[in-house]
Enquirer: 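The structure is given below, and queries will be raised subsequently.
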Amino acid sequence: MAHEPLHTMGQQHGRRSWAEPWKIKMVEPLAVTTRGQREAALAEAGYNTFLLHSEDVYIDLLTDSGTSAMSDRQWAGMMLGDEAYAGSRNFYHLEAAVQRFYGYRHLVPTHQGRGAEHLISRALIRPGDHVPGNMYFTTTRLHQELAGATFHDVIVDEAHDPESLHPFKGNVDLAKLERLVAEVGAEKVPYVSLAGTVNMAGGQPVSMANVRELRAWCEPRGIRVLLDATRMVENALFIQEREEGYAGRTIAEILLEFCSYTDGAWMSSKKDHLVNIGGWLAVNDREVFEELRNLVVVYEGLHTYGGMAGRDMEALAIGIEEAVRDDHVRSRVGQVRYLGELLEEWSIPIVRPIGGHAIFLDARRFYPHLAQDLFPAQTLAAELYLDSGIRSMERGIVSAGRDPVTGDHKRPKLELTRLTIPRRVYTQAHMDVVAESVKACFDARAAAKGLRMVHEPKYLRFFQARFEPIA
Ligand SMILES: *Cc1c(COP(=O)(O)O)cnc(C)c1O
């Protein structure tokens, strides 16, 4: 990678650091707890960070979803909510922002990303269809399956290897796609489900060349390309940094070009768009739009609010514009990278290259003495909380669930603990504290004994499973 390690540049003259393109106007005190309080809180939560009360958490890195800080302009927008049932002024602001920055013709607002996934899956998928995608996302795949499709992962092999330094580990492997379509027939493939910066692979981007080739391959076969644009702004930064010919282009220009190779997108605005709730669906095809407008009134709300209040749409319209600014994206991803580089310097195993929204600790290499059935990533999340009150999330054997046929655990290759960074919320000093706490857990790694699962919910068990420490 071309960039210098950000934290070791102190000795060099003439260095230029990124800095947050904002200053702080309002603060929210953090909870500071003692080790004894954390032990009690974690035992109460069954050693599952999802079951902790947020009041007992110091730095909350559970997710970047809906946890961003809004700007003063967004808060001012909240006061301009036009809460008319139909035709709210704020809807037209939102529509104009999506058209301007994403380039799609028709907009359908939804309450959040999964609302949009539900509508598009219902509109385009027929039972027996096949949907290829660049690795799955939990809610995306579930809605595709509920609509009757079978999901197929067609991401490049490098995405499954935490140590591969491929610059675009989110890319679609066109040979895999070609094999699938040859097998099932193009008429059984309503669309390719393409995600920008692939979350489950560690926040890894898709290249412009890849989406361009994908488009060229799909178009003559009558297969649509639909984009999960949730973290597409962060993807645009990686294109700017890593792809030939894009260094001089703005994030907004890159985003617009990328979207131009797709037929539409769904969006969880709780991520890139700097709001606490919201989402949308946008397409170019008039007929598909008509179908989506029929569905939105059944499941979300009228086609000019889709589950959002007028004030939410105003904050979102402003957030879209703030989200695509180069200095914002550079500092957002820069902060993630700052944390990752500190950990790399201390030889703490993480997924590489460092992604756009989170650091993924590789629990297999962190705790090589723990068998996967002792839940190493869950153990690491628990140890980190005990050490400092920092909350992270398991993305490994617990999240993967059980095989419906054999009843045994699914044992995914990636056994990860995710430190997800909310946008515009924490400072570089918080990142130092996080890195030092991870280091303390790493130094004490030999003492970790793992966990035993004592309560296991039937569906999406990671949310509510309970554990006990192995004595
Ligand atoms: C969060 C997310 C979704 C779902 O969006 P919600 O707003 O949580 O319903 C879909 N795709 C990706 C990649 C996401 O990260």
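Counting starts at 1 for both ligands and their atoms, in listed order.
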Enquirer: When you check the gap from the basic side-chain N to the acidic O, do R337 and E241 get nearer than 4.0 Å?
Expert: yes

Enquirer: Looking at F462, does the NZ or CZ of R395 lie under 6.0 angstrom from its six-membered ring centre and within 45 degrees of the ring axis?
Expert: yes

Enquirer: Quick test: of every protein heavy atom, which one is nearest to atom 8 (O) of ligand 1, and how far off is it to 0.1 Å?
Expert: R114 NH2, 3.0 Å

Enquirer: Which ligand 1 atoms are under 4.0 Å away from a heavy-atom of G113?
Expert: 5 (O), 6 (P), 7 (O), 9 (O)

Enquirer: Salt bridge check, E20 against R332: does any charged N sit closer than 4.0 Å to a carboxylate O?
Expert: no

Enquirer: So, E344 and R352, do they make that salt bridge, N to O below 4.0 Å?
Expert: yes

Enquirer: How far is atom 10 (C) of ligand 1 from the closest protein heavy atom, and which atom is that?
Expert: E117 OE2, 3.0 Å

Enquirer: Counting only heavy atoms, which portion of K270 has something under 4.0 Å from ligand 1: side chain, backbone, both, or neither?
Expert: side chain

Enquirer: Within ligand 1, which atoms have a heavy atom of R231 less than 4.0 Å away?
Expert: 15 (O)

Enquirer: Please determine if R215 forms a cation-pi arrangement with Y261, meaning its NZ or CZ atom is less than 6.0 Å from the six-membered ring centre and no more than 45° off the ring axis.
Expert: no

Enquirer: Quick one: nearest non-hydrogen protein atom to atom 7 (O) of ligand 1, plus distance?
Expert: S268 OG, 2.7 Å

Enquirer: Using a strict threshold of under 4.0 Å (side-chain N to carboxylate O), is an ion pair present between D157 and K176?
Expert: yes

Enquirer: Just to confirm my output: which protein heavy-atom neighbour is closest to atom 14 (C) of ligand 1, and how far is it?
Expert: K271 NZ, 3.0 Å

Enquirer: Below the 3.5 angstrom mark, is there an N/O of W266, backbone or side chain, next to an N/O of ligand 1?
Expert: no

Enquirer: What is the closest protein heavy atom to atom 3 (C) of ligand 1, and at what distance does it sit?
Expert: F137 CE2, 3.5 Å

Enquirer: Considering non-hydrogen atoms of the protein only, which is the closest contact for atom 11 (N) of ligand 1, and what is the distance?
Expert: D228 OD2, 2.7 Å

Enquirer: Determine, for K270 against D64, whether the closest basic-nitrogen to carboxylate-oxygen distance falls under 4.0 angstrom.
Expert: no

Enquirer: How far is atom 6 (P) of ligand 1 from its nearest protein heavy atom, and which residue and atom is that?
Expert: Q112 NE2, 3.3 Å

Enquirer: Under a 4.0 Å N-O cut-off, is there an ion pair linking E456 with R466?
Expert: no

Enquirer: Distance under 4.0 Å to a non-hydrogen atom of T139: what atoms of ligand 1 satisfy this?
Expert: 3 (C), 4 (C), 10 (C)

